[in-house]
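Heads up, the thing below is written out as structure tokens.
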Amino acid sequence: MKILMVNKFLYPAGGAETYTFQIGAYWEEQGDKVAYFGMDDPDNIVGNPWGLYTKSVDFHKKGLRANMINPLKIIYSMEAREKMEKLLDQFCPDVVHINNFNYQLTPSILLAITSYRRKSFRKLRVIYTAHDSQLVCPNHYMYRPTQHQTCEKCLTGGFGHCIEGRCIHQSLMRSCLGTMESIYWNWRKVYRYIDVIVCPSDFIKQQLDTNPILADKTVMLRNFVREMDRREFQKGRYVLYFGRYSEEKGIRMLLEVCRELPEIPFIFAGRGPLNDEILSTGNVSNVGFLSGQALDQLIGEARFSVCLSECNENCPFSVIESLMHGTPVLGTDRGGIPELIDDGHTGWIVPAGDKTVLRHRIMQIWNSDEPERFEAACRKVKFDSLKEYAGKLRRFYQ
């Protein structure tokens, strides 16, 4: 089988990229032919033999010149459509598996796919893994950063609420662009060209099902567990956060709590825009981005980990991987996080954005024996292996 994996970033940038690369590598191990399509970047670790990529578009870039050049590319990319059409002609895939694409590749690639279907008479399958709620929310987190609150107004009241709340990077211009992108492509009903939408959580499925075009395409399939070193580690004397260092992940509030609990050591593993603030916090050790055995050991030796997102998370790998290592998780009540944590057995749930409750709960857990008592229950939690997950995914491919 020939499989084209699509993701805007082709270098390690987050959970969507981890997913894309591991799925693609597994298909290659099984003898399938795999190619990748996304933006050109010197850090890319995967690609295609024909060098067909789009130029890099930075939606975060500031300045008048960037804002004048990028708007049309963010809404509709002729370059992405043409490069995708050329790649389809060269590779002739049986399946296109799309991951994150909005704002950089844009839904223009779906027009390329349907054009290829018509002219080639091939029964090309199109699968989309919904790593977030982008198809129904321009912000893609259902989160208003100006108010630090979740928001579902776009699900029922139209995408204009994104402009009202300046929901994208707290910027009026970016929020207008995101709103225009959502209105345009929903008006064109372009998402009808997708055959199956894989939702990693019940939460994200419920959100996408509010759109009638998407509702009959969604299936819930929880994320897989990567191969990991699962030996029993000696539990350490630290609280662990691993993931992206950004506002919506609750990092700023967590750092405030860290400063108020100087007797408790914290370790942060990851990277992101709040990196400098982490470096300036005395009882926080920033070890940077880790993977493989180094990450396994860090997770396995933690007393407990935290996943304190203020936005609506989908199915965070950080929670899954913690539980698989017997490390309980303190998580917020947002999105798909409560689906993964059995409160009082494999971890604890706290209301998002409440610093007083969070501070009290961390101190209470740290001074109790609950992390040790929860370890056995955590290890009993079952998630699909990559092989099991891929077997289910292949049924959608076929």
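- Checking side-chain atoms of N223 against main-chain N and O of C315 turns up a donor-acceptor pair under 3.5 Å.
- By the 6.0 Å and 45° rule, R361 does not stack over the aromatic ring of W366.
- Checked by atom type, the side-chain pair T281/R259 shows a donor-acceptor distance below 3.5 Å.
- Other residues, nucleotides and ligands place no more than 12 heavy atoms under 6.0 Å from the NZ atom of K189.
- Under 3.5 Å, the side chains of E310 and Y143 contain a donor-acceptor pair of N or O atoms.
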- Evaluate the criterion side chain to side chain donor-acceptor pair (under 3.5 Å) for residue pair T129 and Y19; output intermediate values, then yes/no. CA-CA 10 Å; T129 297; Y19 172 96; 2.9 Å; yes

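- A side-chain N or O of S201 and one of N314 form a donor-acceptor pair less than 3.5 Å apart.
- Side chain of R166 to backbone of I163: no donor-acceptor contact under 3.5 angstrom is found.
- Atom-to-atom distance recorded for D343:CG and W348:CH2 is 9.5 Å, nearest 0.5 angstrom.
- By the criterion of side-chain heavy atoms lying less than 4.5 angstrom apart, applied directly or through intervening Ile, Leu, Val, Met, Phe, Trp or Tyr residues, I197 is grouped together with I113 in one hydrophobic cluster.
- Atom CZ of F304 and atom CD1 of I365 lie 5.0 Å apart (nearest 0.5 Å).
- Listed for the N44 side chain is a donor-acceptor partner under 3.5 Å among the backbone atoms of M39.
- Side-chain atoms of N283 come within 3.5 Å of backbone N or O of L261 as a donor-acceptor pair.
- When atom types are taken as modelled, the side chain of S133 and the backbone of V136 share no donor-acceptor pair closer than 3.5 angstrom.
- With no hydrogens or angles considered, no side-chain donor-acceptor pair links H140 and N102 at under 3.5 Å.
- Side-chain contact annotation: Q293 with Q297, donor-acceptor N/O pair under 3.5 Å absent.
- Between the side chains of E248 and S246, at least one donor N or O lies within less than 3.5 Å of an accepting N or O.
- Ring geometry, Y76 versus Y184: the interplanar angle exceeds 60°, so the pair is classed perpendicular (tilted spans 30 to 60°).
- At distances below 3.5 Å, at least one donor-acceptor pair connects side-chain atoms of T210 with backbone N or O atoms of Q207.
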Which atom pairs, one a donor and one an acceptor, fall under 3.5 Å between side chains of residues 26-35 and the rest of the protein, sequence neighbours left out?
residue	atom	partner	partner atom	Å
W27	NE1	Y397	OH	3.2
D32	OD1	M1	N	3.3
D32	OD2	R394	NH2	2.5

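- Between F374 and H345, a ring centre-to-centre spacing not shorter than 6.0 Å is recorded.
- Using a 4.5 Å cut-off on side-chain heavy atoms (C-beta onward), F203 and M142 make contact.
- A donor atom on one side chain and an acceptor atom on the other are found under 3.5 Å apart for K235 and T327.
- In summary, the side chains of T150 and N312 do not present any donor paired with an acceptor at a separation below 3.5 Å, with no hydrogens or angles considered.
- Side chain to side chain, Y245 and N286 meet the donor-acceptor criterion of an N or O pair below 3.5 Å.
- A side-chain N or O of D296 and one of H325 form a donor-acceptor pair less than 3.5 Å apart.
- The minimum heavy-atom distance between S322 and V329, with the atom names listed, is CB-CG2, 3.5 Å.
- Side chain of S280 to main chain of E277: a donor-acceptor pair is present (N/O by atom type, distance under 3.5 Å, no hydrogens or angles).
- The two residues A16 and N7 have their closest heavy-atom pair at CB-OD1, 4.3 Å.
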- Task: May I have the step-by-step check of side chain to side chain donor-acceptor pair (under 3.5 Å) for T218 and D209, ending in yes or no?
- Result: CA-CA 7 Å; T218 60; D209 284 350; 2.7 Å; yes

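- No donor-acceptor pair under 3.5 Å is formed between the side chain of R244 and the backbone N or O of R271.
- Side chains of T54 and K83: a donor-acceptor N/O pair is absent below 3.5 angstrom, by distance only.
- With hydrogens and angles disregarded, no donor-acceptor distance shorter than 3.5 Å links the side chain of K86 to the backbone of R81.
- Residues passing the side-chain contact (heavy atoms from CB on, under 4.5 Å) test with H161 are R144, K153, C154, E164, sequence neighbours excluded.
- D94 pairs in a salt bridge (charged side-chain N to carboxylate O under 4.0 Å, His left out) with only one of the listed residues (R117, R122, K123), which is R122.
- In this structure a side-chain-to-backbone donor-acceptor pair under 3.5 Å is present from N48 to L52.
- Aromatic pair F101/Y128: centroids less than 6.0 angstrom apart.
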